[in-house]
Amino acid sequence: MVVEYETIEYRNVVMSTYDIHVSQFEMALEDFNEKLTDAHLTVKGPLFYALYNIPFDERMLIDIYMPVEQSNVPKDTDLTFQSYFYIDQMLMTRVKGQFEANTEKAYDELFRHVMENGYKISSPIFHILRGDDEMQWVEIKIKVFEEDGEADDLKQER
């Protein structure tokens, strides 16, 4: 199921970019976590990442983000800091279990919804990791606007 009018909204977000092979994703997450630890940052929200390409060639260009307690980062870190991260007018679907297979289905569902409603995509694909020890899921979100270019990004009648 695709949900409209979603947002991503966090304060004090740090980010790092990775250009990796899909098999290196866990290593990128570990590297990002090390950067957070080395910078003495306190995690405040869910980890999320922006995927800039569908990895047909098994390469991923991603930005990994984490909301933190601190309102700045040490100068000697290679983390990028944003005091506010906000994207609105997004479509969202959720993925549970068998993440690899179900993520592909979720992409198909989102892209079909985009085409059926005359939208254009104007963001990378965001993945927000959610859950606890008992159940994990991923929210997949993309920003869209109407293909005819009107200022009202999502159809008003919905």
Side-chain angles (χ1 to χ4, degrees), residues 1-55 59-107 109-111 113-114 119-145 152-154 158:
M1 177 177 82
V2 174
V3 178
E4 295 193 356
Y5 303 106
E6 284 287 314
T7 62
I8 298 176
E9 181 176 8
Y10 296 106
R11 289 188 181 169
N12 300 335
V13 176
V14 293
M15 180 270 292
S16 190
T17 300
Y18 296 86
D19 185 0
I20 57 173
H21 186 272
V22 293
S23 65
Q24 297 172 307
F25 183 67
E26 291 294 325
M27 278 186 358
L29 292 175
E30 289 172 15
D31 179 72
F32 185 72
N33 190 49
E34 278 182 34
K35 290 177 182 181
L36 293 173
T37 302
D38 291 348
H40 304 288
L41 298 173
T42 307
V43 171
K44 187 178 180 178
L47 180 130
F48 63 101
Y49 64 94
L51 175 64
Y52 287 90
N53 63 308
I54 306 289
R59 299 282 317 159
M60 299 170 67
L61 177 59
I62 58 174
D63 290 336
I64 302 177
Y65 298 88
M66 179 67 78
V68 296
E69 293 278 339
Q70 292 75 11
S71 59
N72 57 37
V73 296
K75 292 182 191 268
D76 62 346
T77 183
D78 63 349
L79 292 167
T80 301
F81 179 80
Q82 294 176 248
S83 59
Y84 202 66
F85 186 94
Y86 178 79
I87 302 174
D88 62 359
Q89 299 171 336
M90 300 183 87
L91 302 178
M92 185 270 298
T93 190
R94 289 185 180 92
V95 175
K96 298 177 188 171
Q98 300 182 350
F99 288 108
E100 193 170 318
N102 290 338
T103 296
E104 288 182 29
K105 291 176 188 173
Y107 289 169
E109 184 179 27
L110 281 173
F111 297 148
H113 190 88
V114 165
Y119 298 146
K120 282 200 174 199
I121 298 171
S122 62
S123 76
I125 304 168
F126 285 90
H127 300 75
I128 303 170
L129 309 182
R130 303 278 193 187
D132 55 27
D133 291 338
E134 293 183 24
M135 184 174 162
Q136 292 83 40
W137 69 94
V138 177
E139 292 178 352
I140 300 177
K141 297 183 178 187
I142 53 175
K143 181 172 176 69
V144 295
F145 64 94
D152 297 336
D153 288 343
L154 292 175
R158 293 188 192 263

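- Minimum heavy-atom separation, Y49 to Y65: CA-CD1, 4.3 Å.
- Summarising the geometry, atom CD belonging to E139 is positioned 13.0 Å from atom CZ belonging to F126; distances are rounded to the nearest 0.5 Å.
- Taken from CD1 in I64 to CG in D31, the straight-line distance is 8.0 Å, to the nearest 0.5 Å.
- With rounding to the nearest 0.5 Å, the separation of NZ in K35 from CG in L79 is 6.0 Å.
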**side chain to side chain contact (heavy atoms under 4.5 Å, CB included) between V43 and L36, intermediate numbers included** = CA-CA 8 Å; V43 171; L36 293 173; 4.2 Å; yes
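- Once rounded to the nearest 0.5 Å, the distance linking CD of Q98 with CD of E104 reads 12.0 Å.
- Remark: R11 engages no residue in a salt bridge (charged side-chain N to carboxylate O under 4.0 Å, His left out) (not counting sequence neighbours).
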**Prompt:** Checking side chain to side chain contact (heavy atoms under 4.5 Å, CB included) for the pair D19/R59: CA distance, chi angles, key distance, verdict?
**Reply:** CA-CA 7 Å; D19 185 0; R59 299 282 317 159; 3.4 Å; yes
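- Between Y10 and P46 there is a side-chain heavy-atom pair separated by less than 4.5 Å.
- What you find for E134 and D132 is that their closest heavy atoms are N-OD1, 2.9 Å.
- A perpendicular orientation is assigned to the rings of Y107 and H127, their planes being inclined by more than 60° (bins at 30° and 60°).
- A 6.0 Å sphere centred on CG of D133 holds no more than 12 heavy atoms belonging to other residues, nucleotides or ligands.
- Without hydrogens or angle criteria, N53 side chain to L61 main chain gives a donor-acceptor distance under 3.5 Å.
- Residues Y84 and E9 are in side-chain contact: their nearest non-hydrogen atoms beyond the backbone lie under 4.5 Å apart.
- Between L51 atom CG and I62 atom CD1 the span is 7.5 Å, to the nearest 0.5 Å.
- Remark: side-chain polar atoms of E69 are not paired, donor with acceptor, to backbone N or O of L41 under 3.5 angstrom.
- Residue F32 comes nearest to M66 through the heavy atom pair CE2-CB, 3.6 Å, listed as atom of the first residue, atom of the second, then distance.
- Residue E100 qualifies as open at atom CD: its count of foreign heavy atoms under 6.0 Å is 12 or below.
- T7 contributes no side-chain N or O that, together with a main-chain N or O of I87, makes up a donor-acceptor pair within less than 3.5 Å.
- Shown here are the ring pair (Phe, Tyr, Trp, His ring centres under 6.0 Å) partners of Y18, two or more places apart in sequence or in another chain: there are none.
- Summarising the geometry, atom OG1 belonging to T77 is positioned 10.0 Å from atom NE2 belonging to H40; distances are rounded to the nearest 0.5 Å.
- Taking the six-membered ring where the residue is Trp, H113 and Y119 present tilted rings, their angle falling between 30° and 60°.
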